[in-house]
2 protein chains.
Amino acid sequence: MSEKNNNEIESLTPENYHNWFTLYHLCQLLGNRRTIEITSKELGRLMKISQQTASRRINDLVDLNWIKRKKIGKIQKIVITEKGANLMLSTYKNLRKLLESIFIVGEVTEGMKEGGYYVAIKGYYDQFVEKLGFKPYKGTLNLKLNDMDKEILSEKMKTINPVVIEGFKDQSREYGPVLCYDVIISPFHDRKDEVKAAILDIERTHHEKNIIEILAEPYLRDRFKLKNGDKVILTLNNPGELSKNY
Amino acid sequence: MSEKNNNEIESLTPENYHNWFTLYHLCQLLGNRRTIEITSKELGRLMKISQQTASRRINDLVDLNWIKRKKIGKIQKIVITEKGANLMLSTYKNLRKLLESIFIVGEVTEGMKEGGYYVAIKGYYDQFVEKLGFKPYKGTLNLKLNDMDKEILSEKMKTINPVVIEGFKDQSREYGPVLCYDVIISPFHDRKDEVKAAILDIERTHHEKNIIEILAEPYLRDRFKLKNGDKVILTLNNPGELSKNY
DNA sequence: ATTACTAAGAAGCGAGTAG
DNA sequence: TCTACTCGCTTCTTAGTAA
């Protein structure tokens, strides 16, 4: 970790911002190949800079040992060096960490069965279907949140009108009311794959701090191919002051 | 995909490179918080630019609507906007795709059992232990490679001296020789977590094109918490001309 | 065709300083 | 203290053009 991140810290001074982006653009040209054939004119057009500057950029990257170049006649072939690859990798990793700070991220944890028991109870289930607008899978996905995410989520939930699932009574016992909060859930790696869901706020299942339960129509572990420890992004769809800002 | 990437393409012109990096630096300051308190002087020191330039950068980000800022007396509080967050996210996603072009990436697929049968045969197993230097798990991890990765890997393997596991005969049948290639395997998301492994080149298990079998001491699916479809990075440790370049 | 040098012009930086 | 303005100076960019 440290050595390769130091690499990034050293490399990413203001004078190297163009160089980083040049490498980024070059990498995008890789596609399935390992070597890039590009003229400085083309690179210039791609990066919206002049041919001359593009040429200079390529030279700079060679000097930095981020790429290697072979000139075969008029054509130059470029390969990314280990150093260049590691620079991209460390930026990738930093971005990953940093995105977890920006979004509300939950970590999938064990415990689908207990919550499911309550969901399946007819007195609740019919109300879920009617009031949430979907037929929930008879089990909940448990998510572990970090302290700050939990706090922010609670804060947001206060500003949102919950869907109220009313309590009821049968022969054996009394069932308390349940609050639901509309939410969009998506896997961390494909935020575009969104599923309408609800956060369950069941009084009696405050089993563990920072664990929330999610209700959705599909079995989310299959739908998103989740395993324990995988991360998902939660987005409250009631647009309050806060949600606009993230 | 398209709309948010267009967002990135529009935003990431040369004039915005500093702005992108400014946002990147600001995000790093988030930690567990949702709001950043920083003076322009501090940001300047962090980014190795003057206080004046840092101040200008913050203003630029506000103009771009990548951040929002509230000034409370002398202190300015910064939050990342949806637009800013999506910019970081789309860069993250692009980097992810692009890193798959740079490294040799295999996708975990079903099929651990068949290969394992051969590994466990005593005539082979004892040689594995002796010649590979580890006691392999009695099963193989099957990886699917894309065409280009497979081609590059084959090319690299030609330049490397394989570990030769000799064939033998027992009462019932004859077993052919097996070639192994030393390799380092690591999960895509933590390239630092490396495990010494070997690619098995068994004549008779050329079951499917672009599928390779990996032998390692631990049960890799547990060791790396892999499920089907997960990606791993392979690094041939015999440093030839090619491996130096990636 | 290419890449890349030179020189003029544009853009950006930070010191000084005001609010 | 802060942020952010002006302005001189430096650095970077591009057009022209050589190789």
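In what follows, every heavy atom counts, from backbone to side chain, and hydrogens, waters and symmetry copies are set aside. We name chains A, B, ... by the order of the sequence lines, and we start the count at 1 in each one.
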* Asked: When the distance from CG of A/N19 to P of D/dC12 is rounded to whole Å, what number comes out?
  -> 10 Å
* Would you confirm whether the ring centroid of B/H25 sits within less than 6.0 angstrom of the ring centroid of B/H18? => no
* To do: Calculate the interatomic distance between B/Y17 atom OH and C/dA11 atom C1'; express it in whole Å.
  => 16 Å
* To do: Grab the CG-P distance between B/L43 and D/dC2 for me, whole Å please.
  => 13 Å
* Would you kindly give the CE-to-C1' distance between B/M47 and C/dG14, to the nearest whole Å? => 15 Å
* Asked: What nucleotide among D/dA4, C/dC13, D/dT14 has an atom nearest to a side-chain atom of B/H18?
  -> C/dC13
* Mind calculating the distance between CD1 (B/I58) and P (C/dC13) to the nearest angstrom? => 14 Å
* To do: May I ask you to verify if any side-chain N or O of A/S40 is less than 4.0 angstrom from the OP1 or OP2 atom of C/dT3?
  => yes
* Structure fact -> Here the distance between atom C1' of D/dT1 and atom CD1 of B/I75, to the nearest Å, is 11 Å
* Determine yes or no for a side-chain-to-main-chain donor-acceptor pair under 3.5 angstrom, with B/S55 supplying the side chain and B/Q51 the backbone. => no
* Asked: Below 4.0 angstrom from OP1 or OP2 of C/dA4, is there any side-chain N or O of A/S55?
  -> yes
* Considering just the side-chain nitrogens and oxygens of B/N59, establish if one lies under 4.0 Å of OP1 or OP2 belonging to D/dT3. => no
* Asked: Below 4.0 angstrom from OP1 or OP2 of D/dA4, is there any side-chain N or O of B/K41?
  -> no
* **D/dT14 phosphate, OP1 or OP2, under 4.0 Å from A/S50 side-chain N/O** => yes
* Asked: Phosphate oxygens OP1/OP2 of D/dT13: is one of them under 4.0 Å from a side-chain N or O of A/R56?
  -> yes
* To do: Identify, between A/R57 and B/Q52, the residue whose nearest nucleotide on DNA chain D lies closer to the 5' end.
  => B/Q52
* Would you classify A/T53 as touching base, sugar-phosphate or nothing, given that sugar-phosphate means primed atoms plus P, OP1 and OP2, and contacts are heavy atoms under 4.0 Å? => base
* Structure fact -> Test side-chain contact (heavy atoms from CB on, under 4.5 Å), reference A/F103, set A/V232, A/I233, A/T235, output is A/I233
* **Nearest-Å distance for atom pair NZ/P, residues B/K48 and D/dT11** => 18 Å
* **side-chain N/O B/R69 vs D/dA4 OP1/OP2, d < 4.0 Å** => yes
* Taking A/L234 as the fixed residue, which of A/L143, A/D149, A/I184 is the one that meets the side-chain contact (heavy atoms from CB on, under 4.5 Å) rule? -> A/L143
* **Residue pair A/S11 / A/W66, side-chain donor-acceptor N/O under 3.5 Å** => no
* To do: Give A/Q51 one of three labels, base, sugar-phosphate or nothing, depending on what nucleic acid heavy atoms sit under 4.0 Å from its own.
  => base
* Structure fact -> Atom NZ of A/K77 and atom C1' of C/dT2 are separated, to the nearest Å, by 16 Å
